[in-house]
Amino acid sequence: MALTTTTNAASARLENVSKFYGEFQALRDVSLVIPPGKVTCLIGPSGSGKSTLLRCINFLEEYDRGGIWIDDRLIGYDAVGGRRMAPGRLREMRRDIGMVFQQFNLWPHMTALQNVAEGLERVKRLPRAQAQRIAAEALAKVGLGDKTGNHPSRLSGGQQQRVAIARAIAMQPRIMLFDEPTSALDPELVGEVLAVMKQLAAEGMTMVVVTHEMGFAAHVADRVAFMERGELVAAGTPAEIFGNPADARVRAFLQSYHDRNAFDVQAG
Amino acid sequence: MIDLSLFQQYGPALLRGLGMTIFCWLVGTVFAMALGFVLALVQRSVTAWPVQWLLRGYVEFIRGTPFLVQLFVLYYGGPMLGLRLDALPAGLLGLTIYGSPYFAEIFRAGLNAVPVGQIEAARAMGFPPGAIMRRVMIPVMLVSALPALVNFSIILTKETVILSMITVPEIMFETQTMMAETFAFAEATLVLALFFWVFVEAISRIGRRLERRATHYLLDRS
């Protein structure tokens with residue numbers, strides 16, 4: 001199949017990334033290596049800066065200090081001189097970086113097929129017929145081969161998110177960013193989206209996933225990074241983070257997660 | 001009683017007037033919309049305060065003065081400022097200027113209402129800005145903006161009669177000529193009212209059709 005993604009997965013390297021909103025520092029000197037072909041999960045309490053960090057990787061959010069390299073190319077700024085990168089060069093880099101949003105962000109006026117084909121036509125400048133053929137293939141891959149003609153309003157949340165994933169993979173990105181991809185879904189729809197993500201991981205896609213799905217992080221991630229208050233507190237294998245975290249903040253977060261999700265039924 | 005024989009004599013002139021009214025409305029509306037769209041875009045993208053201040057001032061000044069006054073400034077005041085225009089070009093320019101700030105406000109509000117996430121999705125994929133505008137922002141914006149755009153276009157149909165005050169030979173002008181020469185007030189004004197009613201009805205039908213097209217995906221079929 002033309003859309004397998006195992007070839008030339010990209011790595012990313014974040015060095016001392018800081019981000020300010022006025023006086024407020026949203027990211028504090030975050031350094032993290034995203035290995036190629038692996039799944040890196042970002043976890044932590046809300047407001048900890050996970051999404052902000054993720055959005056810095058494709059420069060949707062502009063970091064103020066430090067650097068982020070996709071393979072060996074600095075994103076957002078010129079490597080020499082440190083000025084803002086020319087828009088055309090930023091667009092060129094973004095082609096390689098797929099992104100999936102919490103709110104799906106599909107274009108409501110287009111069918112599922114056109115949502116997926118649009119980027120191929122406008123960014124890769126493929127002829128419409130070819131774009132639609134690849135789009136149909138991508139939709140089939142996420143299990144929506146029969147929904148190509150539906151508009152987003154006629155799809156469930158889980159289906160919409162799978163269209164969004166198809167839209168990203170149709171561009172054949174070399175790294176993919178997932179910003180809480182299941183947080184807006186009804187619980188019974190989470191599984192179908194995670195299944196597609198697991199499939200991508202198995203094919204060797206480089207994935208960075210901001211998630212509250214601890215099960216997914218524990219079972220699918222190769223590396224887990226824990227953030228709090230804009231700081232990267234700990235990073236390691238799932239076993240290291242979930243098994244016996246050294247840092248008290250990680251322990252407290254996981255404890256509160258367990259408390260929320262555990263339930264005992266008292267026998268009458 | 002209504003004297004239909006009058007229309008044999010004045011029919012041709014009235015028909016020319018009708019044509020002129022439709023022409024003025026069409027040109028004025030198209031240009032006013034185009035200028036309004038450009039104003040909205042500049043207001044969105046240029047944050048420098050002199051530009052913002054200038055645009056704000058333009059919008060407030062044009063909205064705050066009567067069309068007739070603007071037209072007189074342009075047509076009678078213009079020559080003293082070195083702008084010498086015939087009645088028709090002055091009228092078309094006047095309509096364009098008069099309509100533009102209203103359209104600018106409609107477009108500004110419409111563009112602001114496009115969900116940011118849908119724009120970010122396109123930016124994240126590397127869409128060029130023009131494609132984001134054409135393929136995402138305008139179609140999504142039109143859903144909320146079309147009723148207001150049609151509404152103001154309808155208002156402009158009726159503003160065209162003011163062009164008669166600077167001797168543009170549109171329907172009001174021809175009707176007034178007919179009235180002055182025949183004193184047939186009933187016949188002339190009834191024709192005038194009837195014409196505008198039909199004209200506006202036609203525009204609102206077209207508007208409803210456009211609305212259906214823009215919002216087809218919101219209806220219960222895919």
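Lettering follows sequence order; numbering is per chain, from 1.
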Above 12 or not: heavy atoms from other molecules or residues under 6.0 Å from [atom1] of [X]?
| X | atom1 | result |
| --- | --- | --- |
| B:Asn112 | CG | yes |
| B:Phe61 | CZ | no |
| B:Phe31 | CZ | no |
| A:Arg89 | CZ | no |
| B:Arg63 | CZ | yes |

Counting heavy-atom pairs under 4.5 Å with chain B, which one of A:Lys124, A:Arg122, A:Met99 comes out on top?
A:Arg122
Contact leader toward chain B among A:Pro108, A:Pro87, A:Gly88, where contacts are heavy-atom pairs under 4.5 Å:
A:Pro108
Name, in order of residue number, those residues of residues 123-141 of chain B that have a heavy atom at a distance of less than 4.5 Å from a heavy atom in chain A; otherwise write 'none'.
B:Arg123, B:Ala124, B:Met125, B:Gly126, B:Phe127, B:Pro128, B:Pro129, B:Ala131, B:Arg134, B:Arg135, B:Val136, B:Pro139, B:Val140
Which portion of [X] sits near chain B, non-hydrogen atoms under 4.5 angstrom:
| X | answer |
| --- | --- |
| A:Met110 | side chain |
| A:Glu121 | neither |
| A:Arg55 | side chain |
| A:Leu60 | both |
| A:Leu106 | backbone |

Spacing of B:Leu142 atom CG and A:His109 atom NE2 [to the nearest 0.5 Å]:
9.5 Å
With a 4.5 Å cut-off on side-chain heavy atoms, are A:Gln103 and B:Pro115 touching?
no
Sort B:Ala214 into side chain, backbone, both or neither according to what part of it lies under 4.5 angstrom from a heavy atom of chain A.
neither
